[in-house]
There are 2 protein chains.
Amino acid sequence: MTVPKTAADAAKVSRPVAGQDLDASSDDGLLHLGELSGLLGYSLKRAQLKVFEDFLRCVAPLQLTPAQFSVLLLLDQNPGRNQTEIASTLGILRPNFVAMLDALESRELCARMRSASDRRSHILVLTDKGRAVLARAKKLVANKHEARLIELLGPENHAALLEMLAKIAREF
Amino acid sequence: MTVPKTAADAAKVSRPVAGQDLDASSDDGLLHLGELSGLLGYSLKRAQLKVFEDFLRCVAPLQLTPAQFSVLLLLDQNPGRNQTEIASTLGILRPNFVAMLDALESRELCARMRSASDRRSHILVLTDKGRAVLARAKKLVANKHEARLIELLGPENHAALLEMLAKIAREF
DNA sequence: CGACGTTTGATATAATCAATAACAATTATC
DNA sequence: GATAATTGTTATTGATTATATCAAACGTCG
C-alpha cells in the first residue's frame, strides 16, 4: 500500500491513539518537529525571523529596516567609500543597492558625492541628520533589542552565540 | 561642515592614512564591520544564508530546497494532518503553501487525499517515492551538510548553538 | 430543519527581496 | 590610441511573503 486508498485508512494507520504515544508528542495539538529541531538551518531561519521582527519593533520610531541600519553603520565607520564597496561588504548586489540608497538619500540620511579622483564612482557620506538618526537607532538597538536578547541568553551565552555565527559566516 | 563640499574633502578627513589606524582595520581592503559584528541579527542572517547555500549544494542531486525538505520531514513524522496544520507549523501562510504542495505533488513526492470525516480538508501523505527521496535527503544532509557544521564548531558547540537558536525562536 | 458564522483549500494580487543582462560614462592596460 | 575593465544605473525576472476574497463544507444555535 503506497498511498492509502482512503483518507480514513491514512489517518488510521498513521496517527497513534492517545496513550499509545511513545514519543514526546503528548497530543497537545502541536506537531512533532522531529529531526527538524536538529536541523541547524531550520532553527537559524526561525531565530533570524524572530530577531528581525523584534529589531523592527524596537527601531520603529525611526523607520529603519535592519538592512538600512547596517548601511548607516557601515557608512559611519567607513567614510570615503563608494557604492560598490559598501554594497559588496553587506552582501548586497550593486543593482539592488541603487534603490536602497535612493531611499536613504531622499530622507537626507546620506548623500552621494562624485569622486574627484574617479569620476565614475560615488563617495557615500552620512549627513548630519543621518548621524543623528544613527545615534538614536544605536541606543534603541542596544537598550531595547540587544538588551532583551542578552537577558534571555545570558551575557556569556550571547557572546558565544555571536562568535559561532560569525565563524559560520566566515568559514563555512 | 555637514556634507563636505567635494568628495576629495570627504576622503581626506575621513579615511585615516595607513599607519595612523587605531583600530583593527590593517588596510587590507576589507571594510570595518565595527558594531555590525556585535549585532546578533546581522550575524544570524549571514550565517543563515551560508547554511542554506550549503544545504542546497549538498542536496542538489535530489533537487530539494530547505523548505521542501522540511515539508517532507514533517509529513513523515505527522501523518494524517491537513494543509493548514502542516503549513502553520512551518510558519508558511496557507495561500503560499498551495503552490508548494502542487510542486511536490507534481513530482509525486506527496499526495492530497480528501478526508472522509471533513470533506473540506486534504490529508497529506508521503508517497513511496517521497519516502525514498526523504531517506536519501536525510543521509545527504546528515553526512555532508550537518557533518561539516559539526566539524567546524565541534559537537558540543553545535549542540549549544542549536539550543540557543531554539530558545530564541521559542521565547524571544 | 435552516440561518449564520467559521474553517479549509484555493485564487488573485501586491510588496519585497534577490539575481542577471545590458548600457553609458569613465578609467586602466597595452 | 584601441581595447578591456569598472562604476553606477536601468530593466527585468524569479522567489518569497503578505492580504483579501471565494466556494465548499462544517458547526452552532434557535
Side-chain angles (χ1 to χ4, degrees), chain A residues 7-8 11 29 31 41-42 44-46 48-53 55-56 63-71 75 80-106 110-125, chain B residues 7-8 11 29 41-42 44-46 48-50 52-53 55-56 63-71 75 80-106 110-125:
Chain A
L31 275 65
Y42 178 76
L44 217 34
K45 177 91 187 244
R46 299 301 292 249
Q48 185 255 318
L49 289 175
K50 280 273 195 172
V51 169
F52 269 42
E53 198 181 306
F55 183 100
L56 282 172
Q63 285 287 90
L64 283 183
T65 67
Q68 291 173 325
F69 178 73
S70 69
V71 170
L75 290 190
R81 299 295 190 163
N82 64 26
Q83 298 184 196
T84 296
E85 292 171 317
I86 297 295
S88 85
T89 299
L90 292 174
I92 303 172
L93 293 173
R94 279 65 71 195
N96 297 332
F97 194 49
V98 174
M100 251 193 98
L101 269 187
D102 289 347
L104 292 175
E105 203 173 16
S106 75
C110 69
R112 297 180 233 230
M113 316 198 45
R114 297 231 83 105
S115 163
S117 58
D118 183 344
R119 289 176 21 210
R120 291 170 301 182
S121 64
H122 290 164
I123 300 303
L124 299 179
V125 293
Chain B
Y42 178 75
L44 218 34
K45 177 90 188 244
R46 298 302 290 252
Q48 184 256 318
L49 289 176
K50 281 273 196 173
F52 269 43
E53 197 181 307
F55 183 99
L56 283 173
Q63 285 287 90
L64 284 182
T65 67
Q68 291 173 324
F69 177 73
S70 69
V71 170
L75 290 190
R81 300 295 190 162
N82 64 24
Q83 300 185 194
T84 297
E85 293 170 316
I86 298 294
S88 84
T89 299
L90 292 175
I92 302 173
L93 293 174
R94 278 66 70 194
N96 298 333
F97 194 49
V98 174
M100 253 193 95
L101 268 187
D102 289 348
L104 292 176
E105 203 174 15
S106 75
C110 70
R112 299 178 231 228
M113 316 197 48
R114 298 230 80 105
S115 163
S117 59
D118 183 346
R119 287 175 25 209
R120 293 170 299 181
S121 62
H122 290 164
I123 301 302
L124 299 180
V125 293

- How does protein reach along nucleotides 11-24 of chain C, written 5' to 3' as B (base within reach of a heavy atom under 4.0 Å), S (only sugar-phosphate), or - (no contact)? BB-----BBBB---
- Rounding to a whole Å, what distance do you find between B:Ile92:CD1 and C:dA10:P? 14 Å
- Least distance between heavy atoms, B:His122 atom then B:Gln83 atom: ND1-OE1, 3.1 Å
- All heavy atoms of B:Glu85 vs all of A:Leu31, minimum pair found to be O-CD2, 4.0 Å
- Message: Any side-chain to backbone donor/acceptor pair from A:Arg114 onto A:Arg119? Under 3.5 Å, distance only.
- Response: yes
- Given atom CD1 of B:Ile123 and atom P of C:dT8, what is their separation to the nearest angstrom? 11 Å
- Message: Can you measure A:Phe97 atom CZ to D:dT10 atom P for me and round it to whole angstrom units?
- Response: 15 Å
- Query: Should B:Thr84 be listed as having a side-chain N or O under 4.0 Å from OP1 or OP2 of C:dG9?
  - Reply: yes
- Between P of D:dT7 and CG of A:Leu101, the distance in whole Å: 15 Å
- Note: B:Leu124 and B:Leu101 closest approach over all heavy atoms is CD2-CD1, 3.6 Å
- Query: Tell me: CZ of A:Arg81 to C1' of D:dT7, nearest whole Å?
  - Reply: 16 Å
- Note on the structure: salt bridge (Lys or Arg N to Asp or Glu O under 4.0 Å) filter on A:Arg120, not counting sequence neighbours, yields A:Asp118
Give me, pair by pair, the N or O atoms of the protein and of nucleotides 26-30 of chain C that are less than 3.5 Å apart, along with how far apart they are.
from, atom 1, to, atom 2, distance (Å)
C:dT26, OP1, A:Arg119, NH2, 3.4
C:dT26, O2, A:Arg120, NH1, 3.4
C:dT27, OP1, A:Arg119, N, 2.8

- Can you name the residues that form a side-chain hydrogen bond (donor to acceptor under 3.5 Å, both in side chains) with A:Asp102, not counting sequence neighbours? A:Arg112
- Message: Tell me every residue that passes ring-ring contact (aromatic ring centres under 6.0 Å, His included) with B:Phe55, counting only those two or more places apart in sequence or in another chain.
- Response: B:Phe69, B:His145
- Message: So which atom in A:Cys110 and which in A:Glu105 form the shortest heavy-atom distance, rounded to 0.1 Å?
- Response: O-CG, 3.3 Å
- Message: Can you measure A:Glu53 atom CD to D:dT17 atom C1' for me and round it to whole angstrom units?
- Response: 13 Å
- Note on the structure: When rounded to whole Å, the CE to P distance for the pair B:Met100 and C:dG9 reads 15 Å
- Give every residue pair that meets the side-chain hydrogen bond (donor to acceptor under 3.5 Å, both in side chains) criterion with at least one member in residues 86-98 of chain A, sequence neighbours excluded. none
- Item | Atom pair distance, as rounded to whole Å: CD1 in B:Ile86 and C1' in C:dT8 | 15 Å
